[in-house]
Amino acid sequence: MFLPTIPTPEEILDKGFSRAKKAANKLRTSKIPRQQKSKKIEEARIKTACQVIEESFKSILIKTPKVEELPLFYQDYIDVVVGVDQLKKSLGALNWAVGIISKLENQYVFQVRRSKPENASNVRKEAYGRISSVVNRIRDELNFLDFAKAKLRNMPTVDFDAITVVIAGFPNVGKSTILRQITTAEPKVADYPFTTTGIQIGHLERKWQKYQIIDTPGLLDRPVEDMNNIELNAMVALEHLAQGILFIFDASETSGYPLENQFMLYESIKKIFNIPITCIFNKVDLVENINILKEYTNRVDEPLLVAASKGDGISQIIDKLEEFKYD
Ligand SMILES: Nc1nc2c(ncn2[C@@H]2O[C@H](COP(=O)(O)OP(=O)(O)O)[C@@H](O)[C@H]2O)c(=O)[nH]1
Ligand SMILES: [Mg+2]
């Protein structure tokens, strides 16, 4: 998601007041009768300052996507990364400022018109003071929006026409190798909370159906029991996105994780995600005791045995993807 540039209160006020000054300068050289001139000038300053500042806020509001209209995955994502409530509250504060400044505009324009010419500039000064205090009141919210913009800059862009499959399994079992083997070109890297190096998204197309395969280093590669609530939310966000999971085992145990532990991770992920899981036993080229491996392959439905780094069994994985369907 791309939030618009968020100015500071100082930048907003500078812009408003300097544009107001220009508007006033134009009037100074115009042919308005002397008597009315000072009042006209102050009125123009108030109007211009208020309108320019209102426009700055309105343009931020218009350019910011409505969170509740975004796909669930993005809503979850934004909630985990910056907090949806806080985001809405900050946008609400901008909206509040627009309303107040528009009221101040009416109120002080009216007052200038009724004032004596020699008092007009005092009325305008008072208006400027009020405007400044409104803009300064939402400093924290502007700061927050600027922070949110930075945090959401590289959020994953997800293709909602594609069937989405996430890859899970302990570190070094061969997840990245499999992703590279089954998808074309270099996977794109995007931010994802609690992933160490960002997530990788690879694409492929089969029989006119697009697939996107997502690897999430640091998230689906460790015991679920160790996760805090926010991390769990980050994981569950993936469930709104994915039609299936490829769970990768290192059949050789050379990555250092006994099959028993890998199986426990598989079970806990299966419990959390309510979507189909395909089990892939990788690195079969390094397996020494085939009987131990069989104990585990027998415990799951339709296991695939592959040696990804050698390209063995890759086409089976791709065939299997066709079984993942939208709900
Ligand atoms: N012998 C063998 N090595 C593999 C196989 N698949 C991956 N590897 C190696 O295992 C290491 C970890 O692989 P990687 O894809 O980075 O694992 P990830 O941490 O799960 O993404 C790398 O050195 C790979 O070359 C395989 O099928 N056989
Ligand atoms: Mg990897």
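Here, residue 1 is the first one in the sequence, and each next residue gets the next number. Note that ligands are numbered from 1 as they come in the structure, with each ligand's atoms numbered from 1 the same way. The figures here come from the full heavy-atom set of this structure, side chains too, leaving out hydrogens, waters and symmetry mates.
- Glu118 CD: more than 12 foreign heavy atoms inside a 6.0 Å radius.
- Under 4.0 Å from ligand 1, the heavy atoms of Leu286 that appear belong solely to its side chain.
- The protein atom (non-hydrogen) at minimum distance from atom 16 (O) of ligand 1 is Ser176 CB, 4.1 Å.
- The local environment of NZ in Lys151 is sparse, with at most 12 non-hydrogen atoms from other residues, nucleotides or ligands closer than 6.0 Å.
- Residue Ser309 holds the heavy atom nearest to atom 26 (C) of ligand 1 of all those in Pro217, Ser252, Ser309.
- Contact annotation: Gly169 has no heavy atom less than 4.0 Å from any atom of ligand 1.
- At least one N/O-N/O distance between Lys175 and ligand 1 falls below 3.5 Å.
- Considering backbone and side-chain N/O of Val173, one or more are found under 3.5 Å from N/O of ligand 1.
- Inclusion of Val306 in the set of residues having an N or O under 3.5 Å from an N or O of ligand 1 is not warranted.
- Nearest non-hydrogen protein atom to atom 6 (N) of ligand 1 is Asn282 ND2, 3.1 Å.
- Heavy-atom contacts from other residues, nucleotides or ligands closer than 6.0 Å to NZ of Lys320 number more than 12.
- For Lys40, the NZ atom counts as loosely surrounded, since its 6.0 Å shell holds 12 or fewer non-hydrogen atoms of other residues, nucleotides or ligands.
- The aromatic ring centroids of Phe144 and Phe147 lie less than 6.0 Å from each other.
- For residues 223-244, every residue pair satisfying the salt bridge (charged side-chain N to carboxylate O under 4.0 Å, His left out) rule, not counting sequence neighbours, is listed here: Arg222-Glu231.
- Considering backbone and side-chain N/O atoms, Asn172 comes within less than 3.5 Å of an N/O atom of ligand 1.
- In this structure, the protein non-hydrogen atom closest to atom 15 (O) of ligand 1 is Thr177 OG1, 2.5 Å.
- Asp250 places a side-chain N or O within 3.5 Å of a backbone atom of Thr254 that can act as its donor or acceptor partner.
- At the shortest separation from atom 1 (N) of ligand 1 among protein heavy atoms lies Asp285 OD2, 2.8 Å.
- Interface atoms of ligand 1 facing Ala308, defined by a heavy-atom separation under 4.0 Å, are 26 (C), 27 (O).
- Note on Ile280 and Ile290: same hydrophobic cluster, where clusters join Ile, Leu, Val, Met, Phe, Trp and Tyr whose side-chain heavy atoms are under 4.5 Å apart, directly or indirectly.
- Residue contacts with ligand 1 for Pro171 involve N, CA, C or O but no side-chain atom from C-beta outward (heavy atoms, distance under 4.0 Å).
- Remark: Ile230 CD1 is loosely packed, at most 12 non-hydrogen atoms of other residues, nucleotides or ligands lying under 6.0 Å away.
- With respect to atom 17 (O) of ligand 1, the closest heavy atom belonging to the protein is Gly174 N, 3.0 Å.
- Distances from the Mg ion (ligand 2) show that Ser176 has an N/O/S atom below 2.8 Å.
- When only interatomic distances are considered, the shortest N/O to N/O separation between Asp215 and ligand 1 does not fall below 3.5 Å.
- Not a single protein heavy atom sits closer than 4.0 Å to atom 23 (O) of ligand 1.
- Regarding atom 8 (N) of ligand 1, its nearest protein heavy-atom neighbour is Lys283 CE, 3.7 Å.
- Taking the ring centroids of Tyr77 and Tyr192, they lie under the 6.0 Å cut-off.
- Between the side chain of Ser56 and the backbone N or O of Val52, at least one donor-acceptor pair lies under 3.5 Å.
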